[in-house]
Amino acid sequence: MSHLDALPPWAAILVAVLMLLGALLAFVGSLGLLRLQNFYQRVHAPTLGTTLGTFFMLAGSITCFSVLHGRPIFYEILIGVFLTLTTPITLMLLVRAALYRDREEGSQEVPQLTSRD
């Protein structure tokens with residue numbers, strides 16, 4: 001017997017919908033990673049899709065454990081905060097490193113620095 005058997009049907013349905021929505025958005029972000037052509041396009045799909053998908057999964061987890069324990073449970077909000085803070089910073093650092101590398105190699109596919117007169 002699982003502790004999830006104690007979950008009321010309305011909460012189980014809500015948790016299932018939130019989890020499926022989160023999984024779907026994470027999957028769409030992963031598909032974007034496969035379908036887009038270059039690094040600069042690929043970096044957006046997983047950061048946007050999987051981040052939003054993770055938030056839906058966190059909402060499902062908060063709902064599930066809050067109903068089971070009979071009081072608000074917000075530990076998962078820390079995961080959301082850390083994800084919100086680290087994902088854009090990581091994205092920016094990865095893109096800047098790739099942009100620097102591509103400019104040093106003389107790639108024509110990235111914008112070149114212009115000298116200001």
Side-chain angles (χ1 to χ4, degrees):
M1 182 165 165
S2 172
H3 66 281
L4 293 178
D5 293 335
L7 201 60
W10 66 268
I13 291 170
L14 180 62
V15 168
V17 167
L18 288 170
M19 290 293 178
L20 286 174
L21 209 70
L24 181 67
L25 285 169
F27 180 68
V28 168
S30 299
L31 282 180
L33 181 67
L34 293 174
R35 295 193 40 95
L36 296 173
Q37 287 83 19
N38 63 22
F39 174 77
Y40 301 104
Q41 292 173 346
R42 282 186 190 140
V43 80
H44 291 287
T47 53
L48 296 175
T50 55
T51 302
L52 188 58
T54 303
F55 283 128
F56 277 111
M57 289 188 185
L58 289 173
S61 177
I62 289 170
T63 303
C64 177
F65 290 109
S66 292
V67 170
L68 282 176
H69 292 283
R71 61 184 173 86
I73 303 290
F74 294 116
Y75 303 122
E76 288 89 352
I77 290 179
L78 285 175
I79 297 170
V81 167
F82 291 137
L83 186 68
T84 302
L85 291 175
T86 58
T87 300
I89 293 169
T90 305
L91 165 72
M92 183 178 68
L93 292 173
L94 284 171
V95 169
R96 282 186 169 211
L99 191 60
Y100 177 78
R101 180 200 61 210
D102 289 344
R103 284 182 177 158
E104 288 294 315
E105 291 176 355
S107 176
Q108 299 301 320
E109 294 183 17
V110 295
Q112 297 297 318
L113 293 175
T114 59
S115 61
R116 294 186 179 179
D117 295 326

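Source: prediction; values computed, not measured.
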Distance in Å, Leu31 CG paired with Leu24 CG, rounded so as to fall on 0.5 Å steps
9.5 Å

Distance col, row Leu83:CG vs Thr90:OG1, nearest 0.5 angstrom, shows 9.5 Å

Taking ILVMFWY side chains as joined if any heavy atoms are under 4.5 angstrom apart, and letting links pass through other members, which residues group with [X]?
X	result
Leu58	Phe55, Ile79
Leu18	Leu14, Leu21, Leu25, Leu52, Phe56
Met92	none

Taking all heavy atoms of [X] and all of [Y], pick out the closest pair and write down the distance.
X	Y	value
Val95	Phe39	CA-CE2, 4.2 Å
Ile62	Ile73	CG2-O, 3.4 Å
Leu85	Ile89	O-CD1, 3.1 Å

May I ask you to test the Trp10-Ile13 pair for a side-chain heavy-atom distance under 4.5 Å?
no

Does any part of the side chain of Leu7, heavy atoms only, come nearer than 4.5 Å to the side chain of Leu68, both counted from C-beta?
yes

Any chain of hydrophobic side-chain contacts (each under 4.5 Å) joining [X] to [Y]?
X	Y	answer
Leu20	Val17	no
Val15	Phe74	no
Val43	Tyr40	yes

Under 3.5 Å donor-acceptor, Arg42 side chain and Gln37 backbone:
yes

Can you name the side-chain hydrogen bond (donor to acceptor under 3.5 Å, both in side chains) partners of Tyr100, sequence neighbours left out?
none

For Thr51, what residues pass the side-chain hydrogen bond (donor to acceptor under 3.5 Å, both in side chains) criterion, not counting sequence neighbours?
none

Strictly by side-chain hydrogen bond (donor to acceptor under 3.5 Å, both in side chains), give each pair with a member in residues 60-87 just once, sequence neighbours left out.
Ser61-Glu76

